[in-house]
Every structure is written in C-alpha cells, then in structure tokens.
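Report on the structure given below.
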Number of protein chains: 2
Amino acid sequence: MPTTIIGARVHGRPNYLAVAWCNIVNQNPPYVCIALSKRHYTNAGIHQNRSFSVNIPSAAMARETDYCGIYSGAKTDKSQLFQAFYGKLKTTPMVSECPLNIECRLLRVIDIVDHELFIGEIIAVYADADCLENGKPDAGKINPLIFSRADNNYFALGDAVAPAWQVGRER
Amino acid sequence: MPTTIIGARVHGRPNYLAVAWCNIVNQNPPYVCIALSKRHYTNAGIHQNRSFSVNIPSAAMARETDYCGIYSGAKTDKSQLFQAFYGKLKTTPMVSECPLNIECRLLRVIDIVDHELFIGEIIAVYADADCLENGKPDAGKINPLIFSRADNNYFALGDAVAPAWQVGRER
C-alpha cells in the first residue's frame, strides 16, 4: 500500500495523519479516496474545510511519517512538525518536506461501519523539481515508502521490473 | 499502488483483470474497495455473482498480470490463463499461481462518474505456505509488484526501511 501523510486544518491548526488506505477512484476528473477511522482527529477538519491534502513522503521521512500515525492531534500538536504551504484552495496545509503533494477538494463522504471514505477531486499536484523526469513525477526519484500491513513495515521501492501496458503484449 | 489481479466469473467463465486502484477501507470487519471503469467486462460478473477475488501476483508474474490489463474479456478468453480455484463462496475464481488470494463478498457498489467502487467483505485469505513467516503473510516472500501510474512501470518491493508504529516513537 502507498504511505501518505494526509494534511488537514483542524480547529484552525494544521494537522497531519499517516494513511496507507488511499488510492485513486476515478480518472477523468481525477478523484482520490482515503479511508479514515472515525476515531481520528483529522476527520472533523476535512468536514470543516471540505478539503484535504495527500502528501507522499520519501523513504528518508519514515520517522516523521510514523510519528504522524502514532500520535493523535487530539493530544499532540503536530502543526509545527512540517513546514506547511497552501495552494489554490487556501484551506488545506501541504507538507513542504514531501516531494509530491496532491491538493483535494472534498466531494463526498461515505459511511463504512467505523470508517469514513473521503472522496476528493484533485485540484492541483505539486512536485519537487528534482523528482521530475521529462516533466512528470518519477517514482524512483520520489523514493516513496511502501507500507505492508501484514508485517507492519515500511519498505523502499525496489527495481523497475517491467513497463505496464507493454510487457503483456509480448506474451 | 498495489498491483492486483481481480478475479470474477463473467457469463459463467473465469475472468481476470489487472487493477491497481485497490485498498482496504474498514478494519473490523475487513473490507476492501476496488475502483473499476464502467467499460470493463469484469463489472457485470461482480454484479451477477455478488463476489470477487483480489489476487496478489509475484514480481515473476508481471507479463501475465499486464496481459490481464491490456486485453478485455469481452474479446479475449482469459479463462484458461491461470489455474482457477474456488473457496468458501464457490462463486468467484482465484488464481492458484498468485501467492496470496483474498476472497470477497460484494457488499455495496458506489457510482463515481465513469467508475464503480465495489466494496467487498473479506471472507477468507489464502496464502502459499512458503510465503508465511510465523504464520502470517510476509511481504518480502510474496515479492509483490508495485505499480506507478506516473511512469507506468511495475516495480519490485525494495528493502525494509523501518518498522511501523515503532520508528516514530524514537523521534
């Protein structure tokens, strides 16, 4: 699963939560979906500001990322943990230290037992210049953290195995 | 993103689709969510049988996995591509060649523009014995494929970076 840091302003302050239950759910327009336990402090901020950010930490940020997943904003002020920046919506903090930031406007909330699915439309994507290859984000340069729930470990991305929508044609 | 092969019986025959838009959306009971374009042949089979499987291919299966993403079951019979097996529900084919198989009962379908979100409850998980470590699936032994949409590549999993819910305590 991808390792992300979800940014939201909660009760007027930036807050950050480590989330692996995040993926894309529509291509055009581009939507992302995150599943958050209702116990999280972050949920109220997403409802309040109708927006959230998905930030992709590099492997060098494992410690800070894990910290965001362990300590709740209800008890721990995480607002100074990162250098926040604001984009088009002005309502949702993004993490400057992350090589890739995705700014989302909340579209819909779906209730799933004790979780909420937040579906957001991607309004803008911000990437560090040195993580681009031919003008597009490059996975190897971003060097993201992969999360495994089975063994509760963060992994680095390994070697490229094969090009998608291509290697299968040679079968 | 994770690379999965979604199994479903469509018009009486096993069919397989490569899907990266897949994640967990509830912990207890455990639910998974997959987002499929409405153009896919697979969707009708999930509706018909109210079930689907999520199969995790190893890195050695990149070619077959990509094949499942390139060729639609509407035109290409993929029923013999893998050795299918059936689990508790008896309605959804799983891929014997994959080290990990997740059998899901369909709970809910959510309409998102030109995609459908299929939310399924995990009924059973099947894992190859040689992919277990202390009785649990081990990410390194499964050797999954990681998909990057930015550069359209399949990657292997890299080295373990840090233990989750642990490294952040040392901050």
Side-chain angles (χ1 to χ4, degrees), chain A residues 1-2 18 20-29 31 33 35 37 59 62-71 108 110 112-115 117 119 133 136-140 142 145-171, chain B residues 1-2 18 20-29 31 33 35 37 59 62-71 108 110 112-115 117 119 133 136-140 142 145-171:
Chain A
M1 296 187 277
W21 297 357
C22 172
N23 215 317
I24 303 171
V25 293
N26 199 67
Q27 179 138 325
N28 193 8
Y31 291 174
C33 176
S37 165
R63 198 176 297 268
E64 291 78 5
T65 304
D66 199 45
Y67 180 87
C68 291
I70 291 172
Y71 300 100
R108 194 166 160 186
I110 297 164
I112 304 281
V113 195
D114 52 7
H115 282 64
L117 297 193
I119 296 180
E133 181 73 34
K136 294 172 97 173
D138 180 84
I142 290 171
L145 284 167
I146 312 299
F147 176 64
S148 167
R149 184 71 181 82
D151 45 7
N152 285 335
N153 262 310
Y154 300 110
F155 289 86
L157 195 66
D159 295 332
V161 172
W165 291 298
Q166 189 174 322
V167 67
R169 295 193 194 277
E170 300 157 18
R171 196 179 156 272
Chain B
M1 295 188 277
W21 296 357
C22 173
N23 215 317
I24 303 171
V25 292
N26 200 67
Q27 179 139 326
N28 193 8
Y31 292 175
C33 176
S37 166
R63 197 176 297 268
E64 291 78 5
T65 304
D66 199 45
Y67 180 88
C68 291
I70 292 172
Y71 300 101
R108 195 165 160 186
I110 297 164
I112 303 282
V113 196
D114 53 6
H115 282 63
L117 297 194
I119 296 180
E133 181 73 35
K136 294 172 97 174
D138 180 84
I142 291 171
L145 284 167
I146 312 299
F147 177 64
S148 167
R149 184 70 181 83
D151 44 8
N152 284 335
N153 261 310
Y154 299 110
F155 289 86
L157 195 66
D159 295 332
V161 171
W165 290 299
Q166 189 173 320
V167 67
R169 295 192 194 278
E170 300 158 17
R171 196 181 154 270

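First the proteins, then the strands, lettered A, B, ... as listed; each starts at 1.
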Straight-line distance of A/Tyr154 OH to B/Trp165 CH2, nearest 0.5 Å: 7.0 Å
B/Asp159 portion near chain A, given a 4.5 angstrom heavy-atom threshold: backbone
Interchain contact, A/Leu157 with chain B, by part (heavy-atom threshold 4.5 Å): both
Proximal component of A/Gln27, with respect to chain B [non-hydrogen, under 4.5 Å]: both
Separation of A/Ile112 CD1 from B/Arg108 CZ (nearest 0.5 Å): 4.5 Å
Gap separating the CG atom of A/Leu117 from the CG atom of B/Asn23, nearest 0.5 angstrom: 10.5 Å
Chain B contact via A/Ile24 - which portion, at a heavy-atom distance below 4.5 Å: both
Atom pair CG (B/Asp151) and CD (A/Glu133), whose distance is rounded to the nearest 0.5 Å: 9.0 Å
Minimum side-chain heavy-atom gap A/Ile70-B/Gln166 below 4.5 Å: no
Part of B/Ile142 within contact of chain A (heavy atom distance under 4.5 Å): neither
Shortest non-hydrogen separation from A/Ala164 to B/Phe147 and the atoms involved: CB-CE1, 3.5 Å
Proximity breakdown for A/Cys22 and chain B, heavy-atom pairs closer than 4.5 Å: backbone
Top contributor to chain B interface from A/His115, A/Met1, A/Arg149 [non-hydrogen pairs under 4.5 Å]: A/His115
Chain B contact via A/Leu145 - which portion, at a heavy-atom distance below 4.5 Å: side chain
Pair B/Val113-A/Tyr31, side chain to side chain contact (heavy atoms under 4.5 Å, CB included): steps then yes or no: CA-CA 10 Å; B/Val113 196; A/Tyr31 291 174; 3.5 Å; yes
Note, B/Trp21 side chain near A/Val25 side chain (heavy atom, < 4.5 Å): no
A/Arg169 side, atom CZ; B/Tyr67 side, atom OH - distance, nearest 0.5 Å: 11.5 Å
Where A/Gly168 and B/Asp66 come nearest, the two heavy atoms and their spacing: N-OD2, 2.8 Å
B/Lys136 NZ to A/Ser148 OG distance, which is reported to the nearest 0.5 Å: 9.5 Å
Largest heavy-atom contact set with chain B, pairs under 4.5 Å, which of A/Asn28, A/Asp138, A/Asp114: A/Asp114
Structural part of A/Asn26 lying under 4.5 Å from a heavy atom of chain B: both
Sidechain-backbone polar pair: A/Asn152 side chain, B/Pro163 backbone, donor-acceptor under 3.5 Å: no
Residue A/Ala20 versus chain B: region with a heavy atom under 4.5 Å: backbone
